[in-house]
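In what follows, chains are A, B, ... by sequence order, proteins preceding strands, each numbered from 1.
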Number of protein chains: 2
Amino acid sequence: MRDHSLPGTPGTVFIRRRAAEDARKAIHGSATLQGLSEIFKMLGDETRLKICLVLARRELCVNDVAGLVGLSESGVSHQLRIMKAMRLVKYRKEGKMTFYMLDDDHIEDLIRLGVRHVSE
Amino acid sequence: MRDHSLPGTPGTVFIRRRAAEDARKAIHGSATLQGLSEIFKMLGDETRLKICLVLARRELCVNDVAGLVGLSESGVSHQLRIMKAMRLVKYRKEGKMTFYMLDDDHIEDLIRLGVRHVSE
DNA sequence: GTCTCAATTGAACAAATGATCATGTATCGA
DNA sequence: TCGATACATGATCATTTGTTCAATTGAGAC
């Protein structure tokens, strides 16, 4: 018996080896996959999606973001901290306020493309 | 008196009213937001991401998908059921096997755009 | 019929997630 | 200095999520 195994699950016998080998090449490296799932996961939450939308090409303070997306200031602050860690937003402090703004060129494009998908 | 608040926390006093009103227009309707978060959430998992990649432009049986993405057949079957419910994949039964294939034009584009983001 | 294989399904579980509340910090005005 | 504000942070909690295991279905082989 030939072993048709390929990288993936060790010892797997592939039923359509040719197609499987071809498909194997379509899988990105694990670093890329991790980065991909990270942005998509970030966009996979309605609240963060709204935060991205209101902060696109416009800076807003935490209070206003909270009012717009319908979440407490604390909640917004938590989410912004995550987005800040991902370098998706930049911020500027002015007095007791902090103004945030989207700082990523691709987020808007991704959302735009997503909208096209939703609209079938 | 009519309520002009579209999304958001009712009764919020906005600090930058002009900017906030402008930002409010950037928020999509709740149906669109829901649809958006649904695809992004679906792409926000490395396993499903890999499944999408191997099933793009190529049909594979569950066994081979499992071998490629490194998950049990059961696990793959569960995920495919979700993706089937979202009408992202189509399937074809042949004997005791089921061949799945990506059936959505935008998924590949979204991933491609995502890769561009990851590559900075 | 029986046996095996591919896939599906349901239950169970740990881990991750998003929100809330309470508290802490820093800034401004009175 | 006192209080109010804008925001940040830590802890907690209820859901949700992804995986695994066990059991089941259905189709071909014998």
Side-chain angles (χ1 to χ4, degrees), chain A residues 1 4 9 11-16 19-20 33-34 37-52 55 59-86 89-101, chain B residues 8-9 12-16 19-20 33-34 37-52 55 59-86 89-101:
Chain A
M1 265 303 157
H4 291 176
T9 298
T12 302
V13 176
F14 290 95
I15 290 171
R16 298 223 158 154
L33 281 173
Q34 215 174 312
S37 71
E38 197 186 35
I39 357 157
F40 288 135
K41 201 174 294 180
M42 127 84 197
L43 289 169
D45 175 72
E46 284 195 46
T47 299
R48 281 190 298 265
L49 213 41
K50 285 193 235 172
I51 293 177
C52 286
L55 290 182
E59 68 170 19
L60 289 172
C61 63
V62 178
N63 174 82
D64 289 2
V65 174
L68 285 165
V69 307
L71 190 66
S72 66
E73 288 183 36
S74 171
V76 171
S77 192
H78 277 299
Q79 297 298 349
L80 284 172
R81 197 165 59 88
I82 297 172
M83 296 169 70
K84 188 164 63 181
M86 293 174 66
V89 292
K90 58 183 172 187
Y91 66 100
R92 177 177 69 83
K93 294 209 168 201
E94 188 182 314
K96 46 185 171 179
M97 291 190 271
T98 313
F99 290 94
Y100 284 88
M101 184 171 163
Chain B
T9 301
T12 302
V13 177
F14 291 99
I15 291 172
R16 297 221 160 156
L33 281 173
Q34 215 174 312
S37 71
E38 197 185 35
I39 355 157
F40 287 135
K41 200 174 294 180
M42 128 83 197
L43 289 169
D45 176 72
E46 285 196 46
T47 299
R48 280 191 298 265
L49 214 40
K50 285 193 236 174
I51 292 177
C52 286
L55 290 182
E59 68 171 18
L60 289 172
C61 62
V62 179
N63 174 83
D64 288 3
V65 174
L68 285 164
V69 307
L71 189 66
S72 65
E73 288 184 39
S74 171
V76 171
S77 192
H78 277 299
Q79 298 297 350
L80 284 172
R81 197 165 60 88
I82 297 172
M83 296 169 69
K84 189 165 61 181
M86 294 174 67
V89 293
K90 58 182 170 186
Y91 65 100
R92 176 177 69 82
K93 294 208 168 201
E94 187 183 314
K96 44 185 172 179
M97 292 189 272
T98 313
F99 290 93
Y100 285 87
M101 184 171 164

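If you check every strand for non-hydrogen atoms under 4.0 Å, Tyr91(B) touches nothing. Leu80(A) comes within contact range of no nucleotide atom at all, as no heavy-atom separation falls under 4.0 Å. Across all strands, Thr98(A) comes closer than 4.0 Å only to sugar-phosphate atoms, never to a base (heavy-atom distances). Residue contacts for Gly75(B): at a heavy-atom cut-off of 4.0 Å it reaches a base atom on one of the strands shown. At a threshold of 4.0 angstrom between heavy atoms, the contacts of Phe99(B) with the nucleic acid are absent. As judged by a 4.0 angstrom heavy-atom cut-off over every strand, Lys84(A) is placed among residues making no nucleic acid contact. Contact annotation for Thr47(A): backbone-only contact, meaning every heavy-atom pair under 4.0 Å involves sugar-phosphate atoms and none involves a base.
Between dT20(D) and Ser72(B), a contact under 4.0 Å exists linking OP1 or OP2 to a side-chain N or O. The phosphate of dG18(D) has OP1 or OP2 within less than 4.0 Å of a side-chain N or O from Arg48(B). Using a 4.0 Å cut-off, no side-chain N or O of Gln79(A) falls inside it from OP1 or OP2 of dT17(C).
Atom CD in Glu46(A) sits about 13 Å away from atom C1' in dG18(C), given to the nearest Å. The separation between Lys41(B) atom NZ and dT15(D) atom P is 16 Å, rounded to whole Å. As a whole-Å value, the separation of Met97(A) CE from dT25(C) C1' is 17 Å.
Residue Ser74(A) places a side-chain atom within donor-acceptor reach of the base of dT9(D), judged by atom type and a 3.5 Å distance cut-off alone.
For the pair Leu55(B) and Val65(B), the tightest heavy-atom approach, listed with the atom from each and the gap, is CD2-CG2, 3.9 Å.
For the pair His78(B) and dT19(D), the ring geometry does not qualify as stacking, because the centroid separation below 5.5 Å and plane angle under 30° are not jointly satisfied.
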